[in-house]
Amino acid sequence: MDDVILEAQHLKKVFISGKKSMTAVDDVSFELRQGECLGIVGESGSGKSTIVKMITHLQSITEGNVILKGKDITNVKGKELREVYKDIQMVFQMPMESFDPRRTLGDGIGESLRNMGLSRKETRERVEKLLERCGLDKEYADRYPHQVSGGQCQRAAIARALAVEPSVLICDEATSALDVTVQKQILKLLMELKQKENFSFLLICHDLALVQAFCDRVLVLYHGETVESGTPDEIINHPKMDYTKKLIDSVL
Ligand SMILES: Nc1ncnc2c1ncn2[C@@H]1O[C@H](COP(=O)(O)OP(=O)(O)O)[C@@H](O)[C@H]1O
Ligand SMILES: [Mg+2]
């Protein structure tokens with residue numbers, strides 16, 4: 001279909017250490033369409049982050065392909081990979097660790113803009129706008145990561161991800177490390193951004209309840225394999241697998 005932005009085709013990841021090999025992701029396929037939010041849920045260790053890392057080239061792909069806007073990006077490198085990062089951006093679980101502690105948040109958020117050739121002044125203006133879009137006062141541009149809370153840092157991480165105006169935003173357990181009230185605020189922000197902006201979301205999380213509120217479709221992952229997929233309503237109200245029922249029971 002022509003409105004498919006990102007496609008994972010039969011992704012497989014085998015980790016080898018010494019004589020042992022371990023299949024972390026086994027034949028996972030999905031399509032993410034324009035403006036859609038796709039959730040990937042599964043217990044810890046089920047292979048969620050490995051899928052994200054393969055899509056974003058943080059880890060090699062054992063088998064399978066990744067297609068972005070109709071182009072096979074499985075083996076891109078260098079300049080072509082940098083182009084991919086203009087389309088796919090990520091927000092991770094530990095916001096503090098994703099910023100350089102010696103540089104201000106504003107520097108971190110503006111880095112990609114500077115690399116694209118924007119002047120210092122233009123970059124600053126864009127950074128301030130991005131911060132405000134993410135619910136932070138513009139003076140946060142001058143703060144260092146250790147001078148803000150976890151939730152504020154995650155807002156800055158979202159601002160940084162949005163700086164390049166990506167087509168796809170991947171959030172890998174982006175709220176898991178935050179306390180419950182802050183978690184809700186960040187989700188509210190993501191929800192607002194989803195409504196306002198034109199990007200597609202891949203929302204990785206172990207909490208099915210959260211996915212219910214947020215996603216158009218869900219994949220359930222178990223030991224690296226897709227065991228169910230459907231709308232949140234189908235998954236939660238008519239789960240086919242005992243595993244999914246357990247996932248529901250553990251969070252609802
Ligand atoms: N770099 C690695 N080397 C070896 N095994 C790994 C590596 N990264 C992840 N794994 C293993 O792959 C499996 C899936 O991990 P991961 O994708 O992080 O799961 P999740 O994000 O769902 O918690 C786990 O068993 C994990 O121990
Ligand atoms: Mg993970």
Side-chain angles (χ1 to χ4, degrees), residues 6-30 32 37-66 73-74 81 88-99 150-151 153-154 157-158 161 168-180 182-183 186-187 190 201-212 214-215 217-230 232 235-236 239 241-252:
L6 181 71
E7 206 180 333
Q9 297 177 333
H10 308 290
L11 285 182
K12 180 168 179 161
K13 179 71 189 183
V14 180
F15 287 113
I16 296 171
S17 66
K19 283 181 186 159
K20 283 190 197 154
S21 72
M22 186 271 193
T23 304
V25 175
D26 198 2
D27 197 14
V28 169
S29 299
F30 57 82
L32 179 67
C37 180
L38 176 68
I40 301 184
V41 295
E43 63 189 3
S44 176
S46 55
K48 305 182 296 295
S49 295
T50 304
I51 292 175
V52 172
K53 286 175 188 164
M54 285 194 283
I55 290 173
T56 55
H57 286 65
L58 298 174
Q59 233 153 36
S60 64
I61 297 173
T62 308
E63 271 176 37
N65 295 81
V66 180
I73 61 159
T74 315
L81 182 56
I88 303 181
Q89 283 286 308
M90 294 145 281
V91 179
F92 296 105
Q93 187 167 359
M94 297 301 201
M96 298 283 180
E97 288 172 14
S98 71
F99 281 98
C153 203
Q154 198 58 296
I158 295 167
V168 179
L169 185 64
I170 305 181
C171 296
D172 187 359
E173 306 268 7
T175 62
S176 306
L178 305 170
D179 65 52
V180 178
V182 181
Q183 219 172 31
I186 297 293
L187 282 168
L190 288 170
F201 257 114
L202 204 53
L203 187 74
I204 314 296
C205 115
H206 62 267
D207 184 340
L208 248 176
L210 201 153
V211 155
Q212 183 181 24
F214 210 65
C215 295
R217 274 186 312 125
V218 183
L219 290 189
V220 181
L221 214 62
Y222 179 62
H223 288 325
E225 290 182 50
T226 308
V227 291
E228 292 203 45
S229 69
I235 301 281
I236 289 171
M241 305 283 291
D242 282 342
Y243 169 67
T244 312
K245 287 175 196 150
K246 285 198 195 103
L247 269 184
I248 296 166
D249 291 341
S250 66
V251 292
L252 291 180

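Whatever order the structure lists ligands and atoms in, that order sets their numbers, starting from 1.
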Asker: Can any side-chain N or O of H206 pair as donor or acceptor with the backbone N or O of L247 at less than 3.5 Å?
Answerer: no
Asker: Quick check against the 3.5 Å criterion: does T62 have a side-chain atom that pairs as donor or acceptor with the backbone of V14?
Answerer: yes
Asker: Would you say the side-chain atoms of Y222 pair up with the backbone N or O of E228, donor to acceptor, closer than 3.5 Å?
Answerer: no
Asker: Would you find a donor on one side and an acceptor on the other, under 3.5 Å apart, between the side chain of T74 and the backbone of V66?
Answerer: yes
Asker: For Q9 and S29, run side chain to side chain donor-acceptor pair (under 3.5 Å): C-alpha distance rounded to whole Å, both residues' side-chain angles, the deciding distance at 0.1 Å, then the answer.
Answerer: CA-CA 5 Å; Q9 297 177 333; S29 299; over 6 Å; no
Asker: Assess whether side-chain contact (heavy atoms from CB on, under 4.5 Å) is satisfied between Q154 and Q183, documenting all intermediate values.
Answerer: CA-CA 10 Å; Q154 198 58 296; Q183 219 172 31; over 6 Å; no
Asker: Can you list every protein residue that has a heavy atom under 4.0 Å from any atom of ligand 1, sorted by chain and residue number?
Answerer: F15, M22, A24, E43, S44, G45, S46, G47, K48, S49, T50, Q59
Asker: For the Mg ion (ligand 2), how many protein N, O or S atoms come closer than 2.8 Å?
Answerer: 1
Asker: Name the orientation class of the two ring planes belonging to F201 and F214 (parallel below 30°, tilted from 30 to 60°, perpendicular beyond 60°).
Answerer: perpendicular
Asker: Between the side chain of K13 and the main-chain N/O of S60, is any donor-acceptor distance below 3.5 Å?
Answerer: yes
Asker: Side chain of H57, backbone of I73: donor and acceptor closer than 3.5 Å?
Answerer: yes
